[in-house]
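Remarks on the structure that follows.
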Amino acid sequence: MTLRIGMIGPGGMGQAHIARIHSVIAGGRVVAVSDVDQMRATEVAARIDATVHPDSAGLINAADVDAVIIGSYGPAHEVDVLECIAAGKPVLCEKPLTPTAAAALRIMAAEQVSGRRLVTVGFMRRFDRSYREMKALLDSGDLGETLMVHCAHRNPTVPANYTWDMAINDTAIHEIDTMRWLLGEEFVTARVDKPKKTSLRSEHLQDPLVLVLETESGVRVDDEIFVNCQFGYDIRCEVVAERGTVSLADQNAVVVRDGAGHRNSIARDHNDRFRGAFVTEVQEWITAVTEGKHTGSTSWDGYAAASVCDAGVKALTDSGVVPVEMIAKPVFYA
Ligand code: ISE
């Protein structure tokens with residue numbers, strides 16, 4: 001059986017998903033497309049022989065669409081995810097599920113009424129081989145209890161429409177979700193440190209910044225967010241535990257050694273760095289949906305990440321430590 005997928009918002013991320021679904025991933029095909037930019041929808045649909053829908057609700061409710069991928073920007077997600085739930089269709093929604101925790105709560109409420117876990121949030125790092133190896137080692141207990149984690153998330157540059165809060169709810173959200181998953185606990189506080197700014201920043205940004213989070217058991221996570229680092233897409237993570245440390249290694253298999261030195265290349269963007277993770281994520285989602293199962297992160301994970309982001313965004317302007325406010329986890333997501 002081929003899963004017939006509708007794609008809402010086929011921008012860079014959506015088109016990258018289409019390319020993988022139609023080449024290296026088995027069991028799915030994108031048969032319908034919709035976008036606020038009609039020209040883009042028509043152009044993408046023509047390339048893959050898909051139907052264009054003038055609006056997302058029409059796509060979600062189309063009889064020949066079995067499941068939906070949402071690649072539009074964060075503030076547009078809530079209405080489409082709610083429509084998917086109402087239509088009873090599984091949905092893979094790119095991060096953030098919603099830009100605020102309040103919106104994510106509405107999605108959780110609707111999903112619980114529907115009685116089925118239909119929503120998967122596109123937190124692809126959970127599918128990255130290196131993070132998975134790191135988690136297996138930590139879960140084995142060989143290194144003892146985790147005490148601290150040092151992360152860095154660097155982008156070469158960001159577009160002019162990237163706003164200050166996006167450092168938290170568009171960029172750091174990846175570490176927020178990955179650390180919740182890796183450590184198996186929730187964050188309780190957030191703080192933002194603001195070091196000297198790079199002269200190469202856009203005027204309105206605090207760049208770099210360091211988001212400092214603390215978990216329920218007291219694990220301290222620091223996350224350097226530096227979105228105009230110029231040199232590459234550089235993701236780092238070092239976990240410090242009682243009996244040792246574990247870090248992400250450099251990601252490129254080939255090392256060059258010549259008269260200019262000893263080096264390996266640095267990824268340019270997330271599709272480059274997390275290529276394998278995206279493929280595994282979408283493949284597992286297609287397989288699970290076809291078998292009537294759920295995989296990956298849930299609306300609860302989208303909500304929890306949004307709650308930490310809410311505190312992190314507040315900490316951008318409030319000095320000191322901001323508590324993370326979250327409801328208790330509903331049994332439905334246990
Ligand atoms: C972007 O939306 C992503 O998801 C990237 O992985 C991240 O590095 C970038 O900062 C975000 O804007």
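All ligand and atom numbering here is 1-based and tracks the order in the structure.
- Residue contact check for ligand 1: F274 places no non-hydrogen atom closer than 4.0 Å to it.
- The aromatic rings of F278 and H17 sit perpendicular to each other, their planes meeting at more than 60°, with 30° as the lower class boundary.
- At distances below 3.5 Å, not a single donor-acceptor pair connects side-chain atoms of D177 with backbone N or O atoms of H174.
- Salt-bridge formation is detected for the pair R201/E203: a Lys NZ or Arg NE/NH1/NH2 atom is positioned less than 4.0 Å from an Asp or Glu carboxylate oxygen.
- Under 4.0 angstrom from ligand 1, there are no non-hydrogen atoms of M166.
- Considering only non-hydrogen protein atoms, atom 6 (O) of ligand 1 sits nearest to Y233 OH, 2.8 Å.
- At a 4.0 Å heavy-atom cut-off, ligand 1 touches D170 through backbone and side chain alike.
- Of all the listed residues (H153, R273, H270), H153 holds the heavy atom that lies closest to atom 8 (O) of ligand 1.
- Heavy-atom contacts from other residues, nucleotides or ligands closer than 6.0 Å to CD of Q230 number more than 12.
- Closest to atom 9 (C) of ligand 1 among all protein heavy atoms lies N155 OD1, 3.1 Å.
- The shortest distance between side-chain heavy atoms of R126 and T178 does not fall below 4.5 Å.
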